Amino acid sequence: MKVLILTVLTLCVLGGLLAIVLYFVAQKFKVEEDPRIDDVEKMLPGANCGGCGFAGCRAMAEALVKQDDISSLYCPVGGADVMKSAAAYLGKAAPEKAPEVATVRCGGNCDKRPRTNSFDGAKSCAVASSLYVGETACAYGCLGYGDCVEVCQFGAISVNPATGLAEVDPDKCTACGACVKACPKGLIELRKKWPKNRAVYVACRSKDKGAVVMKACKAGCIGCGKCEKVCAFGAITIENNLAFIDSQKCKLCRKCVNECPTGAIKLIGMEPLPKESKTPAAKAPAAETTAAKTPAAESKPKTNE
Amino acid sequence: MKTFPIGGIHPSDNKQWSRAKAIEVLDLPDVVTIPLAQHIGAPAAVKVAKGDKVLTGQLIGESSGFMSANIHSPISGTVTAVDMAVNGQGLRQMMVTIKREGDEWVDTIDRTDTLLRECTLGPKEIIAKIKEAGVVGMGGATFPTHVKLSIPDGCKADILIINGVECEPYLTSDYRTMLERGEQMLVGVEILMKAVGVERAVVGVENNKPDAIAHLRELVAKGGYKGIEIMPLKVRYPQGGEKQLIAAVTGRQVPPPPALPIHVGAVVCNASTTVAVYEAVQKNKPLIERVVTITGKQIKDTHNFLTRMGTPVETLIERAGGLPEGDVKVLNGGPMMGRAMVNLASPVTKGCSGVTVISGDEATRGEASACIKCAKCVAACPMGLEPYLISKISRKKLWDAAEQHNVTDCIECGCCSFSCPANIPLLDYIRLGKQTVMGIIRARAAKK
């Protein structure tokens, strides 16, 4: 009995002494932290996706609190609402940024882009693209093994088995940019998000010359330049045999969609313009269109290796 | 009998299809396409333009850096294009296309068959001639030979090892070369010994080629070649790997990169490359042709062709009786290290020792299942790595961890994938990890 009491007493005294030591140590090494960081962190979505460029929401909250000018910081997941409330809480000017959506720029589905071989290695786009051209003859197109699907934390991207292409669900996409980094072919771009998920974009990244593109894929951009000529807003540029529509300049007029001979320009969420009517609203002065035209870059494709 | 100390596997060698076929000269191709990158390192700088007339053996691409090699025209004719063309992997790279007109050689090249044994040149001159001729390692790695022979300051070679192992299944080009061009090879060995300043050379040959061993031994005895030993080695893949061969022959272990074989006093050169060295030094002949095995279980008429570089692979396949019915896998190289081809119009290059055709059924891998940690891959890895682990961390993109586990030491021999009972594509991910980590290391070095 005596031993028991002695043991309990010793432990109690030891515990008390250590608690005192710990108290002073904690005082001495106390880290002063702005309590606002915790509050701002609670406002952020907590997805820890890294879409803002920081290693998680906590780091973003710290940056928001510490930086005086937060115009360069933006949480793509929370969007304008979250940024506004965080900025209001901190008494800073809220950064403005139009919402964006990830867009897969390849339209070479199974019908348009026939398979020439079958890949039996590890089902990964990064592995396949480091080995060879892929299961089709196009060196630029979607491989369809879903490296982008694997990195998406929001379930917004999936590979459609019918087309063999990655497809984005615009309602779920937060434009965090994880898929953009994961795609070894650089096919995914963050583009301006229109209401009702409307979009017009060139669904091709092939820098090959027209004949080479057509051989590999019937839906590819051949760099003919018809879309560039018809665009009244100077939104379309042709470089390395490839058209690109700047989503900031594009007004969704849809004229380019009808011009494209291969159907490489995709139109989402809208009815196409009637085919015949070439005159309506074509007020674009000719001078403007030619001025916006960039000289077609020397066709000097790069090696892929 | 000697062999390397750790790892290794025993795939069936399947050399029976083509081993008895004597080297046959393939008809000259009408059109050749010559890639300007047929070696590791910087691509050669093009020296010709469209419309130029070239002779056989004329320089068309000049070495463009320390790690680079010259490229010569394999035929005479007119340059019809210097443009991007699709290679065997379906990717585009710079190539020179030449349309053949006759076969007119550069007149400094000695085309006679007489064996020239005497070589009065010094080491520097020998290396210069090898560089001029654009000789690169013909076993597949295509490392420029002149770089290998230029021994860095502070190092000294004491042994030259000739790689006549040919451990890759199916392929028989080195074997036929040793049998039919053994004398040229031995003179080449003497030249290489002089170039690197060693007294001793060992020709390592696996003992599944007893006739080649006997033949070379007879030639050594008859010709009075001093310091050259023909060493039979126990059959084991990947004995033809440079580090494995050094370990097998000398028992020395090459430290991890950036150490090179020369740091343990060894210089290794492939058997076919040694013949190319002989031709470059004694006959002024650049590397414009090589022996290519065309083989496979279903190939009707397997061959060992002496082929000019730039000949389309499909020409070889046609001469061998064409592709069999159904799905096939065509490999540039053998089944272990070879690369699958998607474009058969692509050319034979300096590193192409064979074309292997495998039926679709044989080539299809089984469905991958979960790793059961049986460690067969660890036992098989000749570099002493842990393939199951490196593969997994590469797959999870943990590049720092991959570097710590020495992913860059991997020689991509494929023993791990071969031995995996769960059919996990281990090497696919390891190779990706190796490429990425190498990129990170290079970027880090560039920053400093």
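Predicted model, so just to flag it, every value in this text is computed and none were measured. Keep in mind that the numbers below use all heavy atoms, side chains included, and drop hydrogens, waters and symmetry copies. Each chain gets a letter, A, B and so on, in the order its sequence line appears, and its residues count up from 1.
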Among all residues two or more places apart in sequence or in another chain, which pass the ring pair (Phe, Tyr, Trp, His ring centres under 6.0 Å) test with Phe119(A)?
-> Tyr132(A), Tyr145(A)
Neighbourhood of chain A inside residues 354-369 of chain B, taking heavy atoms under 4.5 Å as contact = Ala363(B), Thr364(B), Arg365(B)
Quick one: does Arg431(B)'s side chain have a donor or acceptor within less than 3.5 Å of a partner on Cys410(B)'s backbone?
-> no
Less than 3.5 Å apart, which donor and acceptor atoms pair up between the side chains of residues 155-166 of chain A and the rest of the protein, not counting sequence neighbours?
| from | atom 1 | to | atom 2 | distance (Å) |
| --- | --- | --- | --- | --- |
| Asn160(A) | OD1 | Ala162(A) | N | 2.9 |
| Asn160(A) | ND2 | Glu167(A) | OE1 | 3.4 |
| Asn160(A) | ND2 | Glu167(A) | OE2 | 3.0 |
| Thr163(A) | OG1 | Leu165(A) | N | 3.3 |

Heavy-atom distance under 4.5 Å to chain B: side chain of Thr116(A), backbone, both or neither?
-> neither
Pair Lys329(B) + Asp120(A), salt bridge at N-O below 4.0 Å = no
Exam field: side chain Asn406(B) to backbone Leu385(B), donor-acceptor pair closer than 3.5 Å = no
Distance-only check: which donor-acceptor pairs under 3.5 Å involve side-chain atoms of residues 46-53 of chain A, not counting sequence neighbours?
| from | atom 1 | to | atom 2 | distance (Å) |
| --- | --- | --- | --- | --- |
| Asn48(A) | OD1 | Cys57(A) | N | 2.8 |

